[in-house]
Amino acid sequence: MTTTTHTTDDSQEQMSSRIRSFLLRQEVILLIISLLAVMFLAFGSDRFLTTDNLLNQGRLLTEIGLVALSMTFIIITGGIDLSVGSILGLCAIILGVMWDPNGAFALPLEVAVVICLLVGTLAGFVNGLIIVRLGVPPLITTLATLALYRGLAEGISQARSVRGYPEEFYVLGQGEFLGVPTQLWVLLIFCILTAVILSRTIFGRAIYAIGNNELGARFSGVPVGRYKIMIYTFSGFMAAMAAWIFVSRVSTTRSDMGSGLELDAIAAVVLGGTSIFGGSGSIIGTIIGFILIQLLKNGLALSGVTTDGTIVVIGTVLILAILINNFIQRRSGNG
Amino acid sequence: MQEKPILELEHISKRFPGVQALTDARMDVRAGEVHALLGENGAGKSTLIKIISGVHKPDTGDLRMDGQRVVFNNPREAQAKGVATIYQELSLYPELTVAENIFMGHAPRGLLGSVDWRAMRRRAEEILLSLNITDLGVDDKIGTLTVGKRQRVEIAKALSFNARILIMDEPTAALTEADVQRLFGIVRLLRERGVGIVYISHRLEEVFTLADRVTVLRDGHYVDTKAVREVTSEQLISMMVGRTIDNLFPKLPAQIGEPVLEVRNLWRKPLCKGVNLTLRAGEIVGLAGLVGSGRSEFAQTVFGFTPAQSGDILINGKRLDIRNPGEAMRHGIAYVPEDRGTQGLIRQMRLRENVSLAVLRSVSHSGFIDNRAEHELADKSIGSLQIRAFSGEQVVNKLSGGNQQKVVVAKWLAAKPKILIMDEPTRGVDVGAKAEIHRLISELAQQGIGVLMISSELPEVLGMSDRIVVMREGEIVAEFSREEASQEKVVAAMMRDAHSAVSAQGAAT
Amino acid sequence: MTTAAPTLGQPTRLSRSRGLASRFLVFATSQEFVLLLVVVLLFAVVGNTNPRYLAERNVLNIFNGNAYIAVAAVGMTMVIISRNIDISVGSLIGVLGTVSGSLAINGYPIWSSWLVPILLGGVVGAVIGFMVAYLRIPSIVVTLGLLSILKGGLITVTNGAWITDMPDTYFLAQMRTPEISLLGINIPAIPSPIVIMIVLTLLAALWMRYSPTGRAIYAVGGNAEAARLSGISEKRIIMTVFIINGLCVGIAAVLWATQLSIIQSTVPAGLELQVITSAVVGGVSIMGGVGTTIGAMLAAILLSAINSALVFINVSPYWFRAVVGVLILITVLTDLLRRRRTQA
Amino acid sequence: MKAKVLALFVLCALVVMSVAFPVAAQDRWDGADDLDVNPLECPVAEGETAAEEAAAEMDMPEYDGGQPTDAPDLAGQDIVVVDVPKLVGIGYFAATTLGQQQAAEELGNVTVTTDAPTEANIDDQIAVIDNYITQGVNGILFAANDPVAIAPVLRRALEAGIHVVGYDANSEPDAREWFVNQAEFNGIAKSMIDSMVAEIGEDGSFAIVTSTFTTPNQARWIAEMQAYQEKCFPEMTWLETVEAQEDNVLSFTQATTLINKYGPDMDGIFGMTSVATPAAADAVSQAGLCAVDAVDGAASSEDDAVAVVGLATPNAMKPYVTGDFAGCVKSVVLWNPIDLGYAAVYVLRAIVDGEFGPGDTSVEAGRLGTLQVVNGSEILLGPPFVYTAENIDGFDF
C-alpha cells in the first residue's frame, strides 16, 4: 500500500506485526469471546441457535442498540450521556400525549411521531448546549437532565399511559419485513450508517481527534463545539427513535419507559472496546457488545439461568473483558 | 564560597526507548552558588535534573551528596535529602491555598499526627517573609493567582523542605519583567543562605547576571564547566552548538511580492494590544519576543483560535472576519502551534491521520475519506520531509521529537497555505532536523508563501528572517530589516531598555 | 527591584487582615453557606404557608429521612474528589442491609449485625479500590459491573424474601437520644441517624482537613502529577478512599436496614443517583480536587426538605425529579460562574 | 459569556415553567384511573356478603379469552410451567410462588419455576417471557406490569401452543386464556373503605399511599374506592394520594410527611400495596400515633391517632396487629396470595387436561373447592379477606 521502499524482511515483519495487532484488537478479542459464548450457550439449549430465536432477540435489542450506537460517538469524545433513558421516556410520552384521541392534542399519528423525534432531538441539543456552551461536565449535565427529562415525562403524562394505537402503527415494532423483524432493518441501517460515518468520514475522524486531544483538534480547525453539540443532539434523536420503536413494540406508552437504559447502553459500548476516557473505539465493537449482552441474556435464560443470575454474569463479563483487554494492551504496549 | 561540592554527579548515562538522552554527563554543585546549566533543547538538561530530583534513575553513574553515594528511588527521597525542584510546568493544586500547596505531603503535624493548620499557615508566612514576599496571602487559592505569584509559591514550597539544592528549570520562561527581577532577588537571597542552585535558562544574559559557574551539555554529552567570569557569551554559544551556525540557516533568496496578510490595530486582551503587521508573499518575518510577550497570542488571534475583539485582518487586501481556525484555514492561513504535544498533534493517532487532519476535505469526496488519497498524502509527506517512520500507519507517539515536529509541519503544508505562521518551529528538535526544517521554510518562501516565524532562538530569527518584528507585553515595539538586525538590537527591544544593556548577547537555546 | 527594601512588619499585618476579610468572603460564597441559606429559605417559605412544616417532628423527619444518604455521600464525596465515581452504592446498600438483617434474625449478636455489614462494605471498597488503582480499570466500569453483580446476586441468594421479625434491640435507626433539659432549654430526643450523620460528617470533614491522607485526596484529585512529585502514592490514596467509601456505605446500609420493621431484600432503585446528586449539589466538583462532606450533608438535607415541601405545598411528587434536575444544573452553574469570577 | 449563560438559564426556566404551571394548576391527581366504576351496595348492617352477591348477580358475558394454536395434548402428562410475576424480591410474589409450589406438589405432574425481572419493568418482563417461549414451556403464568404492553408477547405464546393464565394483574383478555382474579376491584374497594369507616367513622379524613400512579391495579382500586366512598360515605374527607414506588423507605417517608402535614386533621392512611401498608404502619407507630389501645407507640388521645388500613401480607403486618405494636393496625385487607398462586396452577392444569375451557362456568381448584367464572374469562378467587387480630396469626406468608 505504501510507496516507500522496504526490504522483503521489513514488509514480512510488518505483515506479521499487523496480523498480531489485528488479533489483539478489542473487537477481535470480543468476537472470539462472543463466539465461545455462543458455542457454550448452544450446548446449554438446542433452541438457542435457531433463526427464529435469534431474529426474535433482534427485536429485543433494537432500542439498546440504537442508543448504544450514538453513545459510542459520545464516549469516544470522552463524554457520557446518562439521560438517554429519560429522553426515551419523555419521547414516548410525547408521542402518546400528542396522538391520544381523547387528549388535548389528538394529532394524526404521523405528526405525533415527528414531534416525538423533534422533542428527543431538542432534548439532546439542550444537553449539548449546556455541555459545550456553558462548560458543565457531561456527567453532571446528563445526570441533571436524567432527572429533569424523567420528571417532565411523569409530569406531562400525569402518570397515565396511552394505548390503543391503530394496527398499522405496530408494523415497526411487531411486524416483519422480508421475514426479519422490521425494527432490525432500522437498526441495521443505523449500524451501517454510524459505522461508515465513524470510520470513513471527516466527521468520524474528527470525533476520534476530539477524544484524544481536544485542544489539538481545535488547532487543526476542527469545529469541536459544533461537533460535540451534534453528537449529543444525535444521541437525543436516537433515543427518540428507540422510543418510537419501543412504543410500537409494546403497544403502550408509560412514563417509566427506558429507565436504566443508559447503563445497558454504556455497558455495551464499554464492552465493545471503547475507552471510557475517550479516543478509541468502534461501532463494530459496540455492535458486538450489545449483541453479546443480548445473547448472554437469552442463552443463559434458555439454559435455565434466571434473570438475576444473568445480571451477575453480565456484570462479571464486563469487568473481565476490560481487565483482559487492559492486560493485553499493556503487554503488547511494552513488548 | 565553599569549594567542597554538596552534590556531585559522575558518569551519568541514561537511555530512553529510541533516544540516548545522556552519555557520561557530570556536574557538581557547591553550597552558595548559582550553577547555570546550559544546552540546546534535547541536550539532556531536563533528563539530568530529573535524575538529580529522583524522577529518573540513571542507567550508569553515581550521585554523591557531601561525598556520600546516594540513590534516589523517587522524588520524595530526593526531597528528604534536601533536593528541591521547580519544574517548568508548575506542580501546584489550583483549588488549594498557598499554605497547603507549600506543605503538601509534609505538613506540620499536631495532635495525633493531624495537620496543624495554624503552624502550617504560620510557617508558610515565615517562609514567604524570609523571601521578602509580602503580596501573597497564605489563604489565597492558587487558582486565583498570577503566574509570577504561583512561581513564588513553588519556591516557597521548595524551601519548606529545607532545600540545600534548588533546581530551577527555566523559571523565567513565563514571567513578566517585574516578576523576573523579583525572582532574581529571591535567588540571590537564597545563595547568600548557602543554598546550591542549579539554574537552567535559555537566556544567556540571565546566566551572566546571576550565575557563578556554568556547565554546558551538548547532545547528551558533557562539554565543560566554567566560571562565568572567565567566559564570554560567544564561547558559551559555540560550546553549546559545537559548530558554526551558518549552515543551520540556509536562507534562500526569494521573490518578495504583494502583502498577503495585513493586520491593523488587532486587539485581543490581555496579550494582543493593537498589533499592526504586514506579511508579503515570499517573505519570512521573524517574530521575536520573550515568552509571555504575546507572540503566540497574536498568532492565535490571527488564526481565529481566540477571535479578535477589534481590529482588522486583511488577506490579499480583503478584509475578513475570522472567528475560528476553520475559517482561517479556508483563507489560506496555517498555524503550526508551539506545543506539538498538546496543540499540534493527536499523538495517539496514526501519522496518516495526523497529516490529513487539517485537510480532510482535500482527501475526501462529499464527506467520505478517500483512503488511497490519504495514504498518498501521508507517503508524500514522509518522502518530502524525510520523516523517519515505517509508514503512514505508525502511531505518532512512537516517533522522535524531531520527526513529530515534521509531522506537524507536514500537516500544515498539506493545507497548501498562502500564509504560514510557525510558532517555535524547531523547539525540541535535534540539530539535523532543525536544518531540514529551516531549509523547508526557505523553500516555502521561495514558492511565494508568506511565513511568520515565531521563535525564541535569536540565531534562528536572525538567520532565517527577511524582516524581524519584536513584541513586548502585547505590542510590537520594534522592527528591523535583515541587514540592520543584530542580536544586540533585538534583545534590547525584547527586554526593557534599562536592563537589556546587561547582556545583549542573545539567547541561543 | 521592587522588593529590594523589605518592609517586614506592616505588609504582614496587612495581608493578615485582608485574610480575615477574604476568609469571610470565601465562607459567604462557599457552596455550604449557599446551601444553608437555601435550606433556611425553604423552611421559611414553606413554613409560612403551612406552619406544621416547621414542627419539631417534621424537621427531625426531614433530617432523618435522608440521613443514610448523607452518610453514603460522605464516602462518595471523597471518591469524587479523588476523580473517581462509584455507581454501585445503591446495590451495595441493598446487599449489606440484607446481610445485616439476616444476621439479626439468625441469632447472631446484635452488635455483629451492625458491625459485619460495615466491615464487609470496607472489603468491597478495597476490592473496587484494588481494581481501580492497581488493575487500572476506570472506576465507572468497575462499579457498573459490580452494580449488576450485586443486584442480581442479591436476588439469587435471597429469592426476594423479605426479612422480618428482627429482635427489638436491632433497630439502631429508631433509637433516639434521651431528652435533655439544659439550662432551661429542652433539647428534644434526636433520632440516632441524625446523630450518626452529623458526627460522621464532621469527623470526615475534620479528617479531610487535618489528616495528611485527607489532604492527599485533594492533591490526587487536583493534580495527580504534582501529587506524585510530592511523594504521594496515588494508588494508596485511591485504595484508602474506596475503603472509606465502603465503610460509609456499610454504615448507611445499617441505618437503611434498621429504620423499618421490614427489610426489602432488593436493591433500592436509583439510590446511587441520589447519593451522587447529594455530593455534587454539595459542591464536589466532578473534575476532582474540590468539595467538603458538610456540603454533601446539607445537600442531602435539602433534597429531603424539598421532597417534604412538595407534599406540603401540594405539588405533585412527580415534579420532584424535575426539580432535582433543575437544582443540580443551577448549583453547578453558579459554581462555574463563581469560579470564573474569582479567577478573572 | 455571562449573557449567554443568563439567556440559556432563562430559557430553561421558561421551558420548565411553561410545562409546570398548566399541570400544577390542574386538579390534584388522586391516583385513580379514568375507567368506569361500579361501586357495590352500601353496607346494610354487617354487609360482608355484598361482594359475592354482586358477583353472582352479574350476567355472564361471552368468553373473551384467547386460545393457543395447536397446543399438544398433554392431558395427564408432566408439564413444565413458568411463572413470571411483575418482579421478584417482594413478599407478595414470594407468597404466590409458594402457593404455586404447593399446587405443583399436590398435583405431582406439574413443574413450576418462577423467573422475573428485579424491577417492575415492562420491557424486562417481556424479554423474560420471550425467552421461555423459545425455551418451549407448556404453560405460562403471569402477573402483568402493563396489560397492553405484555399482550403481544403473550399472543406469541398462544401461537406457539403454550397455555397462558394470568393472575394478580390482568392483560388484554384475548392475550391469555384465563385470568385468576384475586377479588373484584369493587369488592376490594368496599372492604377497604368499610374497614376504614369502622375505625375512623363516617366523617373521618384519610390519605392514600400508593405505588405509582401508573400501576393499573392500584389505580383501579382507588377509582372504585372513590366511587364507593362518594356513594356510601359522602361525609368522609379524601385528603390526598402520594406515590411511593415499591420502596418501603420511600413509603415510610411519604407516610411520615403526610402525618406531619395534616397532624390531627388526618384520621387514617390507606396503604395500597403490600410494601406501603407496613411502611405506613411503621410511620404511625414511630410517630407514636397508634390507636390508644395499642401496646406500644400509642397516641396520647383518640383525636391524634391515625388508623392504617391497607393491602398487605399477614407476616409483614403481624407486629402491628398482634405483635409489639398490637392494636396499631386493626384490619388488613387481602386475598390470600398463596391461594392465588395455588389456584392459577390448578386452572392451568385443568386447561391442559381438557377439563376446563371456554363456556365453563366453574373450575375445580384442589383445596379451594370450586371457583366461579366471572366477566367472561376470569376466575374469581373469592371475596377479599380481612385479616384481624383474631385470625392473622393463623397465616404464615
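Every heavy atom of this structure was used, including side-chain atoms; hydrogens, water molecules and symmetry mates were not.
Between the side chains of C:Thr156 and A:Asp308, at least one donor-acceptor pair of N or O atoms lies under 3.5 Å. No side-chain donor from either of A:Ser235 and A:Asn127 sits under 3.5 Å from a side-chain acceptor of the other.
Looking at A:Val270, only its side chain comes within 4.5 Å of chain C, counting heavy atoms on both sides. Proximity to chain A is absent for every atom of C:Leu150, based on heavy atoms less than 4.5 angstrom apart. Contacts of C:Leu147 with chain A are made by side-chain atoms alone, with heavy-atom separations under 4.5 Å and no backbone atom involved. For A:Ile276, the part sitting under 4.5 Å from any heavy atom of chain C is the side chain, from C-beta outward, and nothing else. When heavy atoms are compared at a cutoff of 4.5 Å, A:Phe277 approaches chain C solely by way of its side chain, counted from C-beta outward. When heavy atoms are compared at a cutoff of 4.5 Å, A:Leu82 does not approach chain C at all. A:Leu146 touches chain C through its side chain: at least one heavy atom from C-beta onward sits under 4.5 Å away, while N, CA, C and O do not. Of the atoms belonging to A:Thr306, not a single heavy atom falls under 4.5 Å from chain C. Using a 4.5 Å cut-off between heavy atoms, C:Ile140 contacts chain A through its side chain alone, with no backbone atom that close.
The shortest side-chain heavy-atom distance between C:Met78 and C:Asn245 does not fall under the 4.5 Å cut-off. Contact of the C:Val241 side chain with the C:Asn84 side chain is not registered, since no non-hydrogen atoms from C-beta on lie closer than 4.5 Å. Side-chain contact between C:Ser278 and C:Leu303 is present, with heavy atoms from C-beta onward closer than 4.5 Å.
Side chain of A:Thr141 to backbone of A:Val136: a donor-acceptor contact under 3.5 angstrom is found.
The candidate from A:Thr316, A:Val317, A:Leu320 with the greatest count of non-hydrogen atom pairs under 4.5 Å with chain C is A:Thr316.
Atom CZ of A:Phe40 is surrounded by 12 or fewer heavy atoms from other residues, nucleotides or ligands within 6.0 Å.
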